[in-house]
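Note that the structure is a prediction, hence the values are computed from the model and not measured. Positions are given from 1, in the same order as the sequence printed here.
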Amino acid sequence: MRRDKKDEEEGRASLYTGLEKSTVLQEARVFNETPLKVRRCTEILTKMLVILGQGEQLGRTEATEAFFAMTKLFQNKDVHLRRLVYIVIKEMATVAEDVIIVTSSLTKDMTGKEDAFRAPSIRALCRITDAGMLQSIERFMKQAIVDRSPPVSSAALVSAYQMFRSSQDVVRRWSNEVQEAVNSDSVMVQYHALGLLHQIRRSDRLAVTKLVQKYSKSSLRSPLAYCYLIRVASRLIQESSSGQDAASFEFLESCLRNKSELVVYEAARAIVALEQTSAKELAPAVSVLQMFLSSPKAVLRFAAVRTLNQVAMKHPAAVTACNLDLEQLIADSNSVRALCSKYPRKQAVMMTFLSQMLREEGSYDYKRSIVEALLAVIEENPESKEAGLSHLCEFIEDCEHPVLAVKTLHLLGDEGPKTMRPSKYIRYIYNRVILEVPLVRAAAVAALAKFGALHAPLLDSVLVLLDRCKLDTDDEVRDRATFYHRVLSLRNEQLASKFVLQPMQLSVVGLEQALLRYTQQSADSLQQKFDLRSVPVHTPAARPKPDEQLPEAFSAKQPAKSLETQADRYAKQLASVPELSALGSLFKSSEPVRLTEEETEYSVTCVKHAFSDYLLLQFDLLNTLPDQRLEDVHVDCVPSEDWELVKVIPAPALPYNTPATCYSVFRPTEPSACSLSCTLRFVVKDCDPATGQPDSDEGYADEYVLEELDIGVCDFVQPVIKPNFSAAWEELAPDSELEDTFALTSMASIVDAVQNLVKVLGLAACDRSDKPDPGKSTHTLHLAGVFRGGHDVLARCRLAASGQGVTMNMTVRASDPELSRLFIGAFPAQPHHSAAGSADAESGEVLLLRRQLQELVAVVVRQLVRLYEAQPTLVADLSGEVRCHIAVPRAADAGGPGHFGQRCRVDIYTDC
């Protein structure tokens with residue numbers, strides 16, 4: 001049985017799937033062959049264990065024949081084979097006849113010199129030995145209990161613990177050896193010996209009390225032994241007539257100061273579980289649990305919360321001091337979802353667990369967290385899609401929260417048609433049309449339409465169901481049913497893709513503002529149709545990572561979510577500046593980019609706003625010097641040849657610790673990526689730190705060098721997810737297609753290449769192609785977005801891992817052919833095949849040389865700054881010249897310190 005390469009990469013196949021009992025028993029005849037094939041016998045023994053573990057029942061004759069054939073394997077000394085033999089003997093001990101025949105072989109291994117055979121042979125021998133034969137191996141068991149090898153001693157102790165049920169008198173005679181084993185240096189041996197010693201003395205309460213007193217005063221090495229002793233002491237306290245035992249309780253309190261977190265928690269949990277405890281006695285345990293609430297380990301935080309919950313049920317006042325720590329845990333990460341992401345192969349177990357939790361009673365927030373965890377598992381593990389959808393279908397059959405039902409129906413509409421049997425989900429969806437509220441019915445109609453658009457064999461059935469939905473009592477449901485029925489009845493794939501599968505991703509607030517501006521126009525302007533391309537595109541927020549997932553609503557005081565996005569807030573802010581009214585509608589706003597260090601005199605961050613024809617740079621300023629007031633503050637940007645500076649709007653004043661904003665407007669003559677050299681220029685006026693008023697009306701001009709600002713293609717693109725990428729690809733004209741191959745030598749893996757492509761191009765990954773399988777050597781990435789002006793851009797990137805990085809074949813289609821050329825040249829990689837030829841290589845060498853010269857100048861600048869407390873301004877020309885102006889303070893007198901009242905200038909010129 002061999003595994004295909006595809007199965008090995010995906011990790012789904014198993015050597016032992018589809019085993020049959022009769023076949024395995026036939027293969028067991030190999031045990032009688034000479035010479036013995038060790039590897040073949042090992043595989044057959046493993047198969048026998050698999051079928052036994054799966055619940056297969058062997059007949060007594062079958063088991064006996066296989067057992068006797070297996071006894072011949074004792075002739076071989078292979079370690080792996082012998083240990084498998086021991087395991088199979090234990091499994092067949094209760095089924096096969098005359099298993100006692102291997103007693104001599106097991107006894108020989110038990111007393112031999114091979115430690116790898118001794119421990120498992122002890123376990124197997126004790127499994128097949130009855131009470132009548134136990135005395136014959138008693139001497140060997142006593143020797144094994146005090147053996148120097150921890151595995152041998154631990155195996156003997158565990159076997160004795162199991163045999164105590166049937167042969168108590170014999171095992172009690174081993175007390176001296178067991179007490180000696182308690183003093184072992186091995187953590188596991190000490191734990192097993194203490195458990196067996198307590199089992200021997202369990203019927204004598206006085207003996208158990210002495211046991212606790214003896215070992216509570218001695219220092220046990222094993223945390224597990226301490227936990228066992230804590231449970232014994234707790235049981236003694238509960239069984240006492242008064243419900244109190246001072247010595248045992250003192251031992252529990254002492255364990256709260258143990259260095260092992262396991263022992264500390266076990267002691268705290270034992271104290272909390274005692275019935276007759278006062279608030280004073282609970283205080284040390286509650287204090288320890290409170291410290292666990294701030295532990296970096298999630299399991300300790302969970303255990304502490306669970307135990308404090310038990311305390312609060314009986315002693316609410318005792319946990320009052322923990323309220324602040326408990327409130328902070330409200331924003332703790334979703335541990336269950338993190339486990340699903342960390343162990344993807346355990347998705348079946350986790351999904352069964354989550355589905356059982358969905359059937360239980362709970363609040364909306366509780367059910368929402370479970371549903372989101374299921375959605376995360378489905379998204380990250382394609383193998384779990386059908387099982388997860390089935391669990392969600394059962395959930396919406398009895399879901400009392402319409403919002404969760406709508407979210408589930410939306411997922412069914414997107415993923416259901418792509419499964420092996422899409423038709424099985426139709427019943428669950430149409431049941432919602434019949435039984436639910438209008439909000440859910442409308443979502444069910446949209447889900448049905450997606451099934452008809454994506455799966456042609458179901459189209460006729462979906463049209464019949466949509467026709468019935470036209471009779472609904474709700475207007476929204478009827479309108480959706482009528483619209484979708486009309487679109488699907490035309491049987492046009494492009495129309496279905498455009499109006500059913502690819503909804504308009506527009507900003508609701510932006511649409512409202514655009515419609516308001518349109519209605520406020522003059523009568524002549526209203527003759528023109530409203531252009532949806534003037535409305536900003538709304539990009540759905542990315543699903544947070546498991547360790548970033550925070551609960552949204554755990555308090556009744558939490559305000560309702562607003563439809564206004566960050567882009568909408570920027571649009572309102574820019575609309576309040578009259579000088580910017582001619583720029584048009586805002587298309588996209590970037591994340592703030594810091595142009596200064598955090599702890600400098602002036603703080604400057606930049607937000608890049610893209611319009612249809614302009615690029616607006618918004619500089620947010622902050623002055624951290626209390627003795628200075630800055631006026632006429634603006635940022636001087638040195639653009640490239642493809643960028644035209646249109647307007648600069650300075651900030652009139654920048655007092656201490658008062659934010660201000662200045663703007664720079666650019667018009668790109670040709671879309672291209674570039675880096676802008678930025679310098680903060682202003683007029684400085686010295687002022688009183690207490691009042692903030694300038695000392696005089698006169699000031700002096702000054703400047704402050706900023707970090708370079710990178711402008712990329714991603715600043716002009718809104719990522720848009722295309723649910724049906726193939727249909728969207730076919731809609732764009734093939735004439736706009738451009739293709740090129742790149743060698744991404746700086747990328748260590750396909751995962752890194754995918755992340756960098758999404759970041760640099762600014763497009764959205766479709767069809768979940770942003771999650772490549774780490775085990776595969778090839779991957780196809782689908783990207784989609786809208787360029788400013790409303791132009792669609794699609795990219796298909798085929799990636800292949802190689803010894804020198806990643807090779808990428810990139811194909812771009814766009815509604816404007818010029819954009820295809822722009823995106824092909826956007827990714828910073830050296831292509832295998834380029835039309836520019838040697839000219840591109842030469843320009844790359846020039847850029848590399850210029851960067852090296854800039855770094856050399858920077859070293860000189862740092863030395864001058866360190867010596868003279870200078871303020872440098874670094875300027876890089878495209879012509880190849882690198883200039884640096886350094887303002888060096890002049891000394892106030894011949895021997896006095898320098899100040900910034902007067903300056904001289906040092907110029908450094910370096911030409912390529």
Side-chain angles (χ1 to χ4, degrees), residues 566 569-570 572-580 589-609 616-638 647-665 676-709 861-862 864-866 868-875 885-892 896-905:
Q566 182 64 40
R569 288 188 283 272
Y570 279 133
K572 285 186 178 181
Q573 178 183 354
L574 299 179
S576 62
V577 182
E579 295 88 344
L580 302 178
S589 299
S590 70
E591 294 293 329
V593 179
R594 180 171 287 277
L595 300 182
T596 58
E597 300 293 336
E598 294 185 1
E599 298 179 355
T600 54
E601 308 94 296
Y602 314 114
S603 174
V604 181
T605 59
C606 178
V607 179
K608 295 169 280 189
H609 301 289
L616 173 65
L617 301 182
Q618 172 185 328
F619 298 99
D620 296 324
L621 314 171
L622 183 65
N623 176 20
T624 62
L625 298 178
D627 57 347
Q628 287 188 1
R629 175 185 173 89
L630 310 184
E631 295 183 355
D632 192 23
V633 186
H634 66 281
V635 176
D636 187 8
C637 301
V638 181
K647 184 183 299 184
V648 175
I649 304 175
L654 186 60
Y656 165 67
N657 206 26
T658 302
T661 304
C662 65
Y663 302 93
S664 295
V665 183
L676 303 181
S677 300
C678 302
T679 305
L680 182 66
R681 303 188 185 278
F682 46 84
V683 175
V684 181
K685 291 185 177 180
D686 295 330
C687 63
D688 185 2
T691 62
Q693 297 299 323
D695 298 336
S696 64
D697 294 337
E698 296 183 359
Y700 56 90
D702 203 352
E703 59 187 26
Y704 188 83
V705 64
L706 304 176
E707 299 287 342
E708 288 190 352
L709 180 63
V861 168
R862 283 196 294 270
L864 290 173
V865 170
R866 187 178 299 108
Y868 298 105
E869 300 180 356
Q871 293 292 329
T873 302
L874 183 64
V875 181
H885 311 303
I886 303 179
V888 180
R890 253 183 218 151
H899 66 87
F900 287 95
Q902 297 177 342
R903 291 176 170 84
C904 64
R905 196 173 86 176

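Taking CG of Asp636 as the reference point, atom CG of Leu706 lies at 10.0 Å (rounded to 0.5 Å). To the nearest 0.5 Å, atom NE2 of residue His634 and atom CG of residue Leu654 are 13.5 Å apart. From Leu630, atom CG reaches atom CG of Asn623 across 4.5 Å, with rounding to the nearest 0.5 Å. Rounded to the nearest 0.5 Å, atoms CG (Leu709) and SG (Cys678) are 5.0 Å apart. Taking CZ of Phe619 as the reference point, atom OG1 of Thr605 lies at 9.5 Å (rounded to 0.5 Å). With rounding to the nearest 0.5 Å, the separation of CG in Asp686 from OH in Tyr700 is 5.0 Å.
When all heavy atoms of Arg594 and Thr596 are compared, the closest pair comes out as CG-O, 2.7 Å. Closest non-hydrogen pair, Ile649 versus Glu579, comes out as CD1-CB, 3.4 Å. Shortest non-hydrogen contact noted between Cys606 and Leu595 is CB-CD1, 4.0 Å. Between Gln628 and Tyr602, the closest heavy-atom pair is OE1-OH, 2.8 Å.
Proximity of a side-chain donor or acceptor of Thr624 to a complementary backbone N or O of Glu601 within less than 3.5 Å is detected. Under a 3.5 Å cut-off, the side chain of Ser590 and the backbone N or O of Lys608 do form a donor-acceptor pair. Lys685 places no side-chain N or O within donor-acceptor distance of the main-chain N or O of Ser696, the cut-off being under 3.5 Å.
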Sequence neighbours left out, cut at 3.5 Å: what donor-acceptor pairs do the side chains of residues 656-665 make with other protein atoms?
| from | atom 1 | to | atom 2 | distance (Å) |
| --- | --- | --- | --- | --- |
| Thr658 | OG1 | Tyr656 | O | 3.3 |
| Thr661 | OG1 | Asp620 | OD1 | 3.3 |

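Evaluated for a side chain to side chain contact (heavy atoms under 4.5 Å, CB included) with Phe682, the options Asp632, Val633, Leu621 yield exactly one hit, Val633.
Under the 4.5 Å side-chain criterion, counting only non-hydrogen atoms from C-beta, Leu580 is in contact with Leu616.
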